[in-house]
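Presented below is the structure to which this report refers.
Counting starts at 1 for both ligands and their atoms, following the listed order.
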Amino acid sequence: MTVAETEKLEALFSDIVQWRRHLHTYPELSFHEVETPAFIAEKLETLGLEVKRNVGGRGVVAYLRGEKPGPTIALRADFDALPIEEDNDISYKSQNPGVMHACGHDGHTAALLGVASVLVEKKAELNGTIVFLFQHAEEKPPGGAQEMIKDGCLEGVDVVYGAHVASDIPFGHVNVTSGPIMAAVDAFTIHVQGKGGHGARPNLTKDAIVAGTQLVTELQQIVARRVDPMDTAVVTVGVFQAGSAFNVIADSAHIEGTVRTFKQETREQIEEEIHSIVRGVETSTHVTCSVDYLNGYPPLVNHEQETSVLGEVAEEAMGKEAPITRPAHLGGEDFAFYLKERPGAFFHVGARTEDENTHYPHHHPRFNFDEKALLNIGKLFLGIVQRYNRGGN
Ligand SMILES: [Zn+2]
Ligand SMILES: [Zn+2]
């Protein structure tokens, strides 16, 4: 990244903040994004880029074709929000009830728009092509990445990079860990069909609450008693709904949960264990269950060479102390799909400062981050482009 590029990006900081706050004010849920992709596409068209709308449904892809031949580099930002009621007391608080940008995707999009604004002026010097991937529906499997890939967003792409702000990494640092850094994310739904009736006559019913709670308890045994203790896995039940009145035996129960793993064999083992536990509970409680198991995102595995490029870029752009490595965690990210198709890396950029408002975890109703982290995302993206333009691949 040249000094001139850094300066241009810094000069755009107030725009980036304004775009981010606009998106924050009007968040949209995964697979329901309408205004957000329109906002992004309009900004990109104003810059004079070649823009494709509705890629894989709701994604936006823009192309900056340099005047000289060279590699094709894809940079990705996601733009969906979460079903959370915002509890922040800020001027740009969400105006869409029950929906909130509580993961920072508003910031990723604003930062990448900033990068596009800087690079568009470099067109004459650019070797190769930059593909800007603005992706819908990261938060909800099956996710937007797969749809966009199916629709050709990686055609001709040589390497792909993606960024995420992180409220658990101090400002000024960036995680540049190679190999598996995030888990596979699966989701399951179990419908328990019993037979409702009078609370005083349980013998004439099939109690869906008793059966459902038994299921929830037995699911805890999968990780505790079935999975190899040297392996890593999580089974979490996040939804349990049943019952309507104190003296009515519930007719049905609804359970939803998530499974996180790193190894394919563990992933398959857990799915099989869930089916086996359900069959057991059906036998012992006489209810009937249906299980819907969704294979969500694969584990996110950073490629070695592209991660080392990222590490060098981070040192150059943010200083010697900036790059850090840290253990993998069991969050998921559909950027994993891009990395199954092309070499590349995904990086978490520190956004936590001394300000306590930046200390809340992602997906918390008070989540927020230091917006200066968006400049770091921008600098890293610009550095990556510069690096490949120098023949760094
Ligand atoms: Zn998230
Ligand atoms: Zn996220």
Side-chain angles (χ1 to χ4, degrees), residues 20 23-24 27-33 36-37 40 58-59 75-88 94 96 98-113 133-148 160-169 174-175 177 181-187 234 236 238 256-260 294 296-300 302 326 328-339 344-352 358-371 373-374 376-377 380-381:
R20 183 256 161 165
L23 295 171
H24 193 91
E28 295 178 300
L29 290 175
S30 316
F31 296 108
H32 295 274
E33 306 94 334
T36 310
I40 295 165
R58 295 166 187 272
L75 308 174
R76 179 269 212 167
D78 44 12
F79 60 69
D80 57 326
L82 287 153
I84 294 173
E85 182 74 37
E86 177 157 22
D87 191 25
N88 280 320
S94 169
N96 295 346
V99 187
M100 176 189 176
H101 268 294
C103 201
H105 300 186
D106 48 350
H108 309 158
T109 290
L112 191 56
L113 285 172
L133 302 175
F134 290 90
Q135 187 207 306
H136 61 295
E138 189 285 319
E139 295 285 4
K140 194 171 180 190
Q146 277 193 99
E147 296 185 328
M148 289 181 66
V160 58
Y161 285 88
H164 206 297
V165 291
S167 70
D168 58 346
I169 297 179
V174 51
N175 181 23
T177 307
I181 63 162
M182 293 173 87
V185 179
D186 294 338
V234 167
T236 290
E256 288 178 30
T258 186
V259 174
R260 308 290 167 113
L294 173 74
Y297 307 158
L300 190 150
N302 273 343
R326 60 172 194 172
H329 70 89
L330 281 92
E333 188 23 272
D334 76 346
F335 193 80
F337 285 112
Y338 301 106
L339 292 179
F346 188 70
F347 50 96
H348 288 91
V349 175
R352 179 193 184 95
T358 66
H359 294 187
Y360 292 94
H362 292 250
H363 298 197
H364 190 282
R366 294 204 55 193
F367 172 80
N368 209 344
F369 57 87
D370 190 312
E371 287 163 325
L374 304 181
N376 284 340
I377 290 181
L380 291 163
F381 276 148

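- Using a 4.5 Å heavy-atom threshold, the side chains of M100 and L82 count as separate.
- For residue E139, an N/O/S atom approaches the Zn ion (ligand 1) to within less than 2.8 Å.
- When side chains are defined from C-beta on, H348 counts as touching M182, because their heavy atoms get closer than 4.5 Å.
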For side-chain contact (heavy atoms from CB on, under 4.5 Å), just list the numbers for R58 and Q135, CA-CA rounded to whole Å, side-chain angles, deciding distance to a tenth of an Å, and then say yes or no.
CA-CA 8 Å; R58 295 166 187 272; Q135 187 207 306; over 6 Å; no
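- Not a single N, O or S atom of H362, from either the backbone or the side chain, sits less than 2.8 Å from the Zn ion (ligand 1).
- Neither side chain, H136 nor E28, offers a donor N or O lying under 3.5 Å from an acceptor on the other.
- Around the Zn ion (ligand 2), the angle linking H164 (NE2) with C103 (SG) is 100°, rounded to 10 degrees.
- Using a cut-off of 2.8 Å, one finds that H105 contributes no N/O/S atom close to the Zn ion (ligand 1).
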